[in-house]
Asker: 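Sharing a structure, written as structure tokens. Questions coming.
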Protein chains: 2
Amino acid sequence: MPYHHGDLRRALLAAGLSLLEKRGPAQVSLREVARVAGVSHNAPYRHFDSREALLAALAADGFEALGVAMEQAAEGRTGFERLRALGIAYIAFARAQPAVYLLMFGPELVKDPFPALKAVAERSFEVLRQAIETIVPVETRRAAVIGAWALVHGLSHLIADHQFPPDFAEEDKLDALIEDVLAIYRQGLARGAEPH
Amino acid sequence: MPYHHGDLRRALLAAGLSLLEKRGPAQVSLREVARVAGVSHNAPYRHFDSREALLAALAADGFEALGVAMEQAAEGRTGFERLRALGIAYIAFARAQPAVYLLMFGPELVKDPFPALKAVAERSFEVLRQAIETIVPVETRRAAVIGAWALVHGLSHLIADHQFPPDFAEEDKLDALIEDVLAIYRQGLARGAEPH
DNA sequence: ACCTGAACACCGTTCAAGT
DNA sequence: ACCTGAACACCGTTCAAGT
């Protein structure tokens, strides 16, 4: 009597995550996931309406984890130091879970039919918005938030998609590069905040 | 006698592009592409080794077009003005061809088996690298290039994936936002270039 | 060279049925 | 409630055959 009271759902998600990481989103099939979990090809429909719904659940878990990581990074820090910690935490998530990150921000999952996804995604944005609010004057605030998000997202996405030159394969070098890039943007914000 | 001497290849790519834009990369099937082009489900194999090879060809065309657009943007401009033009041109490409852009930088296409893809992609990077070279001191050059790429890529990707708040749906507002964001990064570069 | 039709092993999804 | 097996309409890919 395997998978009573809801364990199957977790087992299916675990199998889906494993497939996603090992073989990419296109290879996540409900039938394969069922096979890995040891149930019939049809059992997953008790927990997910469709293949897309399972992918959406994996992405939602990712947004949830990202939101938590960012809230923790923000806690107990202020000003530019908080902003830096948020950037590092965001990118760290993408480095730790590249496949999930690419799913969260990729076209293989059409997000419109899953409004819960959007809501969870907005939490991370909100944390970033508040951090920027305290260090940038009102006029440039919107561009500052969008720019900060775009910068960390761009770094994260390029890293997850292996688009960087091979000299950054070593973790330490990548760490240093990320710090330098964030510093450039921070200086741009600081200068914009100065009177001119 | 339709599709003699190589026209079929173009017709298949056109059908693939149309499917990609209308229904996403997962819906681009060789059989559907063949149907649209009016040939048997097997005819595409004369021109593409696999479904992935057709997607790779669409992505390669995208990188090619992006490279050309960036070279044109760089031409006749220097310094920060050239850098700005490159950023705008890069983002303009993503706005004009969001589906292709997402394919170029997404996981539904595993790029390793298509080395030609990587080569074409590096052309755009090279144009950016040269533009940065003329305005930033050697020490911070690497971070400046990666950061510039990450920033425009992040903006492009978030726009293509519809992740921005709805107030930027209007083209003009989005144009202004992009200019402001690029300006922040430019100021960061300028400050980094100053003696301190 | 380029195209076709049959075939195979996969999918997602639905349905009727079992406990 | 949760699971199963049969069924349907799709895929990608291969093969033997036609012009």
Side-chain angles (χ1 to χ4, degrees), chain A residues 1-59 99 103 106-114, chain B residues 1-59 99 103 106-114:
Chain A
M1 25 120 217
Y3 306 126
H4 29 40
H5 42 263
D7 272 22
L8 178 53
R9 191 190 143 87
R10 234 204 310 275
L12 293 169
L13 284 172
L17 182 61
S18 163
L19 274 172
L20 178 66
E21 284 170 342
K22 275 190 221 130
R23 297 197 267 152
Q27 301 301 319
V28 179
S29 82
L30 281 184
R31 288 175 103 113
E32 180 69 19
V33 158
R35 226 172 276 132
V36 172
V39 293
S40 86
H41 71 266
N42 212 346
Y45 283 95
R46 292 294 129 196
H47 300 277
F48 301 101
D49 282 347
S50 65
R51 175 183 177 276
E52 278 227 289
L54 184 140
L55 288 176
L58 288 172
L103 178 68
E108 52 282 337
L109 182 58
V110 181
K111 285 131 216 138
D112 297 347
F114 304 98
Chain B
M1 32 129 212
Y3 306 127
H4 29 41
H5 42 262
D7 271 22
L8 179 53
R9 191 190 144 89
R10 236 204 309 274
L12 293 169
L13 284 172
L17 182 61
S18 164
L19 274 172
L20 178 67
E21 284 170 342
K22 275 191 221 128
R23 297 198 266 153
Q27 301 301 319
V28 179
S29 82
L30 281 183
R31 287 175 103 112
E32 180 69 19
V33 158
R35 226 172 275 130
V36 172
V39 293
S40 86
H41 71 266
N42 212 346
Y45 285 94
R46 293 293 129 196
H47 299 277
F48 302 100
D49 281 347
S50 65
R51 174 181 176 277
E52 279 228 288
L54 183 139
L55 287 176
L58 289 172
L103 178 68
E108 52 283 336
L109 182 58
V110 181
K111 286 131 216 137
D112 297 347
F114 304 98

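Numbered from 1 within each chain, the chains take letters A, B, ... in sequence-line order. Predicted model only: the values in this text are computed from it and were never measured.
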Asker: Quick one, give me the B/S/- string for nucleotides 8-19 of chain C, reading 5' to 3', where B means a protein heavy atom under 4.0 Å from the base and S means that only happens at the primed atoms, P, OP1 or OP2.
Answerer: ---SBBBB----

Asker: My validator wants the stems of DNA chain D: runs of 3 or more consecutive Watson-Crick or G-U pairs, both distances under 3.5 Å, written as range with range.
Answerer: C:4-8 with D:12-16, C:12-16 with D:4-8

Asker: What are the two closest heavy atoms between A:Ala59 and A:Leu109, and how far apart are they?
Answerer: CB-CD2, 3.7 Å

Asker: Quick one, B:His41 with B:Leu30, criterion side-chain contact (heavy atoms from CB on, under 4.5 Å). Give me CA distance, side-chain angles, the key distance, then yes/no.
Answerer: CA-CA 7 Å; B:His41 71 266; B:Leu30 281 183; over 6 Å; no

Asker: On a heavy-atom basis, which atom in A:Phe48 and which in A:Ala57 lie closest, and how many Å separate them?
Answerer: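 A:Phe48 and A:Ala57 have their closest heavy atoms at CE2-CB, 3.8 Å.
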
Asker: Would you compute the distance between atom OG of A:Ser40 and atom CZ of A:Arg46 and round it to the nearest 0.5 angstrom?
Answerer: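 Spacing of OG (A:Ser40) from CZ (A:Arg46) equals 9.5 Å.
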
Asker: Just do the side-chain contact (heavy atoms from CB on, under 4.5 Å) check on A:Glu32 and A:Leu19 with the steps written out, would you?
Answerer: CA-CA 9 Å; A:Glu32 180 69 19; A:Leu19 274 172; 3.5 Å; yes

Asker: Knowing that exactly one of B:Leu13, B:Leu12, B:Asp7 qualifies, which makes a side-chain contact (heavy atoms from CB on, under 4.5 Å) with B:Arg9?
Answerer: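 Option passing the side-chain contact (heavy atoms from CB on, under 4.5 Å) with B:Arg9: B:Leu13.
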
Asker: Out of curiosity, B:Glu21 CD to B:Leu103 CG, how far, rounded to the nearest 0.5 Å?
Answerer: 11.0 Å

Asker: Please give, in whole Å, the distance from C:dA1 C1' to B:Arg9 CZ?
Answerer: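 One finds 16 Å between C1' of C:dA1 and CZ of B:Arg9, rounded.
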
Asker: Considering non-hydrogen atoms only, spot the tightest contact between A:Leu54 and A:Val28 and give its length.
Answerer: CD2-CG1, 4.0 Å

